[in-house]
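To start, the structure itself, in structure tokens.
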Number of protein chains: 2
Amino acid sequence: MKVLIVDDHPVVRAGLRALLSATGEFDVVGEAEDGATAVRLAASLRPCVVLMDLQLGSGVDGVTATRQIMALDSPPKVVVLTTYDSDADILRAVEAGATGYLLKESPPEELFAALRTAWSGEMALSPPVASRMMRRVRAPQLALSQREIEILELIAAGRSNREVSRMLFISEATVKTHLAHVYDKLGVDSRTAAVKAAVDRRLIRL
Amino acid sequence: MKVLIVDDHPVVRAGLRALLSATGEFDVVGEAEDGATAVRLAASLRPCVVLMDLQLGSGVDGVTATRQIMALDSPPKVVVLTTYDSDADILRAVEAGATGYLLKESPPEELFAALRTAWSGEMALSPPVASRMMRRVRAPQLALSQREIEILELIAAGRSNREVSRMLFISEATVKTHLAHVYDKLGVDSRTAAVKAAVDRRLIRL
DNA sequence: GCGCGGGTCATCCGAAAGGTTGATGTGCGA
DNA sequence: TCGCACATCAACCTTTCGGATGACCCGCGC
């Protein structure tokens with residue numbers, strides 16, 4: 001199975017290449033350290049599966065790269081391999097077209113299994129990720145909407161309501177309304193407390 | 001050269017093992033996924049060098065594990081391999097007795113070189129790390145005082161100025177004065193932005 | 001002694017944030 | 001088709017925050 005590795009850490013790339021190659025089952029046809037290279041190599045090398053880290057140091061991030069790869073002709077499957085299991089990351093990755101989402105804390109066997117599953121076209125989620133998604137559908141009143149997460153992330157980045165409103169092309173009143181809903185759902189009454197609560201519950205990442 | 005790998009991510013561990021073993025120069029004699037195991041294996045396996053990640057998921061963190069390993073009889077060298085190059089992390093690791101500090105974004109050759117250098121007893125710092133150290137000795141005025149950090153941590157926990165003032169038995173005016181100094185030092189103009197800046201620079205933890 | 005940084009406090013004011021209520025439109029599933 | 005969640009906006013009001021001052025005390029180093 002032809003695999004393309006995308007990670008901004010050379011050590012991790014080399015490690016993954018060695019790990020996958022040793023099985024004999026996987027053939028690492030290329031490596032990319034940034035999003036642009038990833039898209040280019042995905043188009044030219046035509047791998048079966050792209051193993052994608054979400055945290056790429058500079059330039060295009062993993063989600064954008066995934067979206068661009070899925071826009072190719074007969075695109076490969078994309079399996080996200082990352083450190084964090086925040087709602088925001090998972091949602092964006094799946095929305096961008098990722099066929100799998102697993103954590104670096106997973107055992108290697110799970111990685112192999114996820115690559116096989118993804119290649120067959122099935123969605124491959126590691127247990128912690130799957131349980132997060134389950135909790136999300138079971139308790140939708142505690143979950144923030146994508147818009148609310150989007151706004152809360154900008155708040156967490158230190159932006160004012162006005163800045164957020166301009167960045168999202170909406171009115172300041174709307175930002176305040178969304179934030180009021182966020183405060184209500186998280187049981188807090190200030191932006192800073194909301195950020196902490198959201199980080200604690202892994203709804204966003206700082 | 002006998003190496004012990006300490007990292008909480010099985011995928012990274014397996015990758016590093018494959019990478020190091022492939023050189024023929026390094027012999028991975030063991031792996032540990034947490035600090036306690038790391039100390040135990042360092043004592044029983046007697047590796048030449050311990051390759052230590054600072055971010056261990058649960059239990060003892062990498063700095064503490066390093067300190068405990070250095071307290072052993074004829075301890076091995078400890079080389080820190082981590083993602084972040086924050087002042088606080090570097091200082092704590094070196095203070096704990098680490099002989100090397102390199103980033104996961106370094107090329108594999110640098111990793112090999114650092115292991116050799118550390119084994120020979122020399123300090124091995126990757127270039128970005130070394131430059132951070134240099135900047136720190138040149139610009140010590142960027143550091144927050146203990147009191148300022150104490151207040152900023154409460155702010156990061158979502159407390160209001162009034163709550164902080166009552167928790168620290170000082171007036172609200174004093175809290176505001178301290179915060180104004182913090183904003184000035186961090187180059188921001190709101191509490192949320194200050195929290196983000198401080199977390200980014202590892203001045204506080206969330 | 002004097003300067004300097006740190007910690008403490010106060011006042012005044014404008015800007016920002018938060019609470020409340022109510023309204024409109026859209027999409028989706030029962 | 002009827003709700004319901006979501007996203008959008010507005011007006012009003014209170015509280016909080018942030019900026020600009022100025023002041024006092026303490027410990028430390030030159």
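In what follows, every chain begins at residue 1, and chains take the letters A, B, ... in the order their sequences are listed.
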To the nearest angstrom, how far is B:His178 atom NE2 from D:dG19 atom P? 16 Å

In whole angstrom, give the distance that lies between atom NE2 of A:His181 and atom P of D:dC4. 16 Å

Please check if the number of heavy atoms outside A:Arg202 that lie under 6.0 Å from its CZ is greater than 12. no

In whole angstrom, give the distance that lies between atom CZ of B:Arg162 and atom C1' of C:dA17. 15 Å

Does any donor atom in the side chain of B:Ser171 or B:Thr174 lie under 3.5 Å from an acceptor atom in the other side chain? yes

Just to verify, what does A:Ala197 make a side-chain contact (heavy atoms from CB on, under 4.5 Å) with, not counting sequence neighbours? A:Leu186, A:Val188

Please determine if B:Lys104 and B:Asp53 form a salt bridge, counting it only when a charged side-chain N lies under 4.0 Å from a carboxylate O. yes

I need the CD1-P distance between A:Ile155 and D:dC17, as an integer number of Å. 15 Å

Residues passing the ring pair (Phe, Tyr, Trp, His ring centres under 6.0 Å) test with A:Tyr183, sequence neighbours excluded, are none

Positions of residues 167-175 of chain B (non-hydrogen atom under 4.0 Å from DNA chain C), listed by number: B:Ile170, B:Ser171, B:Ala173, B:Thr174

To the nearest angstrom, how far is A:Asp184 atom CG from D:dC6 atom P? 12 Å

Supply the atom-to-atom distance B:Ser190 OG to A:Glu163 CD, rounded to the nearest 0.5 angstrom. 8.0 Å

Find the distance B:Arg147:CZ to D:dC25:C1' and express it as a whole number of Å. 15 Å

Quick one: do B:Lys185 and B:Glu148 make a salt bridge, cutoff under 4.0 Å? yes

Axis-to-axis angle for the helix from C:dG1-D:dC30 to C:dA30-D:dT1, ends of five pairs each, to 10°, equals 40°

Which pairs, protein N/O on one side and nucleotides 18-28 of chain C N/O on the other, fall under 3.5 Å?
residue	atom	partner	partner atom	Å
C:dG18	OP1	A:Tyr183	OH	3.2
C:dG18	OP1	A:Arg191	N	2.7
C:dG18	OP2	A:Tyr183	OH	2.7
C:dG18	OP2	A:Arg191	NH1	3.0
C:dG18	N7	A:Lys176	NZ	3.1
C:dG18	O6	A:Lys176	NZ	2.6

For B:Leu152 and C:dG7, what is the distance between atoms CG and C1' respectively, to the nearest whole Å? 17 Å

Send over the distance from B:Ile149 CD1 to C:dG7 C1', rounded to a whole Å. 15 Å

Without hydrogens or angle criteria, can the side chains of A:Thr82 and A:Gln55 be said to hold a donor-acceptor pair below 3.5 Å? yes

Just distance, no hydrogens or angles: give the donor-acceptor pairs under 3.5 Å from side chains in residues 66-80 of chain A, sequence neighbours left out.
residue	atom	partner	partner atom	Å
A:Thr66	OG1	A:Gly62	O	2.7
A:Arg67	NH2	A:Glu95	OE1	2.8
A:Ser74	OG	A:Arg46	NH2	2.7

Nearest atoms (heavy-atom pairs only) where A:Leu56 meets A:Asp34: CD1-C, 4.0 Å

Heavy-atom nearest pair, A:Ala65 first then A:Val60, reads N-CG1, 3.7 Å

